[in-house]
2 protein chains.
Amino acid sequence: MPTPPQAPPSPTCTLKDLAVRSGISAATLSRVLNHPQIVRPDLRAKAEVVLAEAGYVPHGAARSLASRRTRTIGAVVPTLDSALFAKIVEGLQHRVHAAGYQLLVASSGYSPAREGAQVRSLIERGVDGVMLVGAVHADATIRMLQTRGIPFVSTCHYDPRAAWPTVGWDNVASAERVADYLMDIGHRRFAVIAGLTTDNDRAADRVNGFRRAIERRGGALAAADVLQRPYTVVEGRSAMASLLRRPKPPTAVLCGNDILAFGALQECLWQELDVPGQISITGFDDIEMAAHCRPGITTLHVPATEIGERAAAVLLTAIAGEAAGGADDHVNLELELILRGTTAPPAGARPVARSAAAPRRRAAASMEKT
Amino acid sequence: MPTPPQAPPSPTCTLKDLAVRSGISAATLSRVLNHPQIVRPDLRAKAEVVLAEAGYVPHGAARSLASRRTRTIGAVVPTLDSALFAKIVEGLQHRVHAAGYQLLVASSGYSPAREGAQVRSLIERGVDGVMLVGAVHADATIRMLQTRGIPFVSTCHYDPRAAWPTVGWDNVASAERVADYLMDIGHRRFAVIAGLTTDNDRAADRVNGFRRAIERRGGALAAADVLQRPYTVVEGRSAMASLLRRPKPPTAVLCGNDILAFGALQECLWQELDVPGQISITGFDDIEMAAHCRPGITTLHVPATEIGERAAAVLLTAIAGEAAGGADDHVNLELELILRGTTAPPAGARPVARSAAAPRRRAAASMEKT
DNA sequence: TTGAAAGCGCTAACAT
DNA sequence: ATGTTAGCGCTTTCAA
């Protein structure tokens, strides 16, 4: 290890130590740290040198005890092992870091009880704000937050009547769009490979949207046509395999997210089925892979990073404004339907007039071959 | 909102409040929380009721100020938007949560300077331990940690001489194994699609390993044969595209991770090349997708969750033992080489005797067709 | 075993 | 504009 270029910082030095050593009071040192403008420039400069030379690092606990703020934001997501949530957290993180906040992350494993425990633990740590995912939470969780006036925001869903701010999109309406598009190009026989809908309002809403759109046009989605699976590639594959074993497989399979869709697609490819010739597949989220696999996956684009950033903005505003989170803050993002290679009219279908409003197919990636 | 099932917790109640209200001293209440065994059972029971009825949540800052511990662990990873790091963090999180710790995560974007800033910020928050990724860190970063006696561990690499604990594997040796396998089956003309090696020792080590193995057998890897790209699918695709434009493309492409390999593979598929017939591809990490895409990607399996869990164990032990991290703690995990469909002998190669020690091809996923 | 009291290191009134 | 002082809520000696 090279020689320390700077003076070796003492194990831990406090403002009081420095006050004694430098002749500048601890209060002024503290002001230089927190409100530099109100300290006369020459003294401030001197103080800054003292602080820097000592390699001073503030003691966060003492700081928050005295100031009643921790400069820490909490986030509870179902799992980090998901391109979607990881991106949302990254977006949140970048924004809160820029504002001098640190991020405390926890995962709930899709369990409201675990989410509650995590929120409690975050509150103990004194977080100044909390980001949650979804519409469904234990009553106690919400109450803990509200009682203490801690700003929080829920993401990945849209609910104008929620009593707290939300940043997301309408899962029902989005799912309807996908189903409508498939019906527009002639599909009538569907199956759904959904996520686990228990305690997952997003997954449930998507199924509801698919069903509603289908029924609106006189079709039906039997209970047996909806397979619920954890969000993994292998589950998508096995679900598709079971669908293909049916005497009369669906002509289109609507998947709860891109991971399931990718698995479903790969199973078809392994079975040497023609996608989309024999079967169409759709996803949800638009993770990077969806644009580059072959064929590309038709899906809805979720602007994950933006969601995290906007959630951060909502939280930061609420914290700054001493407001406990305006219930009027309901961001509703429109998801773009991205048409790629996994969807086409069903085999033998007579060409169907595409509705005027139907989205146009687009090259998924710059390099993509038609 | 339904009626609160429990007594509505007062906005914030302190131990002192409860002491006054209940007649039990704050000190005893505190003992019930932290060392229940040393309080007489009947008093303890009474105290527990008081605490529960009040919906008491300890004030973390006050607690850590007094106890000099925060029950918080920090982790700085290059990015959360990576299946590998996300899994590692999940593993770490599960283990530290089980021990009553909360996780503070930060990302460095592969920059040592940003990493240093994040570590500093974590120290301010009083983390009891820190998980880092890789061997390369700013001197100041390590010093900050060591000076304060904060236990830390670095992951994803193996270095028996590191002055702090490490949990990982030997990237050079692992990369050599992949290259050796490819040479065993007859390949001689290679290209590498590596990650960005600047400030990324893992990426650099892998390139070194590839090169070393190739040169050991009399081959060579020219600088132009090593393409450095960010870890994204689209970069893997474009790198492969540029390789395929060469007059004499390589017969095997070694990729820095599975994301690059996936992109490289998809580009070949879009160009209707036969993989592995015309070109072989290897990855690194064994993310879920690698097992299920078609063809499956030959890669090295990194036990990501286990890495996070073991890092947690190292940290927790160091914290409990008041030890500042034994430098003797160097976990070296052997990565299994998983043979899948993206690799085969080069076209026109005469069959080569497979070395006795060579790994056997295995079915990548239960459902995989040969 | 329990209670009283002294801080932990900092910030924010309050004086000056 | 700066220094002095009083806590923030808890844990942990120290007495009892």
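Residue numbers start from 1 in every chain, and the chains themselves are labelled A, B, ... in the order their sequence lines are given, proteins ahead of strands.
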Once rounded to the nearest 0.5 Å, what's the spacing between atom [atom1] of [X] and atom [atom2] of [Y]?
| X | Y | atom1 | atom2 | result |
| --- | --- | --- | --- | --- |
| Leu315(A) | Phe152(A) | CG | CZ | 10.0 Å |
| Arg161(B) | Asp159(B) | CZ | CG | 5.0 Å |
| Thr70(A) | Glu124(B) | OG1 | CD | 12.0 Å |

With respect to the phosphate group of [N], does any side-chain polar atom (N or O) of [X] fall under 4.0 Å of OP1 or OP2?
| X | N | value |
| --- | --- | --- |
| His35(B) | dT12(D) | yes |
| Ser25(B) | dT2(C) | no |
| Arg40(A) | dT2(D) | yes |
| Ser67(B) | dC10(D) | no |
| Ser30(B) | dT11(D) | yes |
| Arg68(A) | dG9(D) | yes |

To the nearest Å, how far apart are [X] [atom1] and [N] [atom2]?
| X | N | atom1 | atom2 | answer |
| --- | --- | --- | --- | --- |
| Leu33(A) | dC10(C) | CG | C1' | 10 Å |
| Asn34(B) | dT13(D) | CG | C1' | 15 Å |
| Arg69(B) | dG9(C) | CZ | C1' | 19 Å |
| Asp17(B) | dC10(D) | CG | C1' | 13 Å |
| Lys16(B) | dA5(C) | NZ | P | 12 Å |
| Leu15(B) | dC8(D) | CG | C1' | 13 Å |
| Leu51(A) | dC10(C) | CG | P | 10 Å |
| Leu29(A) | dT4(D) | CG | P | 13 Å |

Terminal axes of the helix from dT1(C)-dA16(D) to dT16(C)-dA1(D) (5 end pairs apiece), angle rounded to 10 degrees, sit apart by 40°

Quick one: are [X] and [Y] in side-chain contact, heavy atoms under 4.5 Å?
| X | Y | result |
| --- | --- | --- |
| Val331(B) | Ile307(B) | no |
| Leu104(B) | Leu103(A) | no |
| Gln93(A) | Tyr101(A) | no |
| Met131(A) | Ile88(A) | yes |
| Met144(A) | Arg120(A) | yes |
| Glu90(B) | Thr79(A) | yes |

Which of residues 56-66 of chain B have a heavy atom under 4.0 Å from DNA chain C?
-> Leu65(B), Ala66(B)

Nearest to the side chain of Leu43(B), which nucleotide is it out of dC8(D), dT2(C), dT12(D)?
-> dT2(C)

Audit row: His94(A), Glu309(A), side-chain hydrogen bond (donor to acceptor under 3.5 Å, both in side chains) steps and yes/no | CA-CA 8 Å; His94(A) 282 134; Glu309(A) 290 171 350; 5.8 Å; no

Is Ser107(B) reaching over with its side chain to a backbone N or O of Gly109(B), donor-acceptor style, under 3.5 angstrom?
-> no

side-chain contact (heavy atoms from CB on, under 4.5 Å) partner of Val77(B), the single match among Thr155(B), Val133(B), Leu132(B) | Val133(B)

Distances under 3.5 Å only, N/O to N/O: pair up the protein atoms with those of nucleotides 13-16 of chain C.
from: dA13(C); atom 1: N6; to: Arg31(A); atom 2: NH2; distance (Å): 3.1

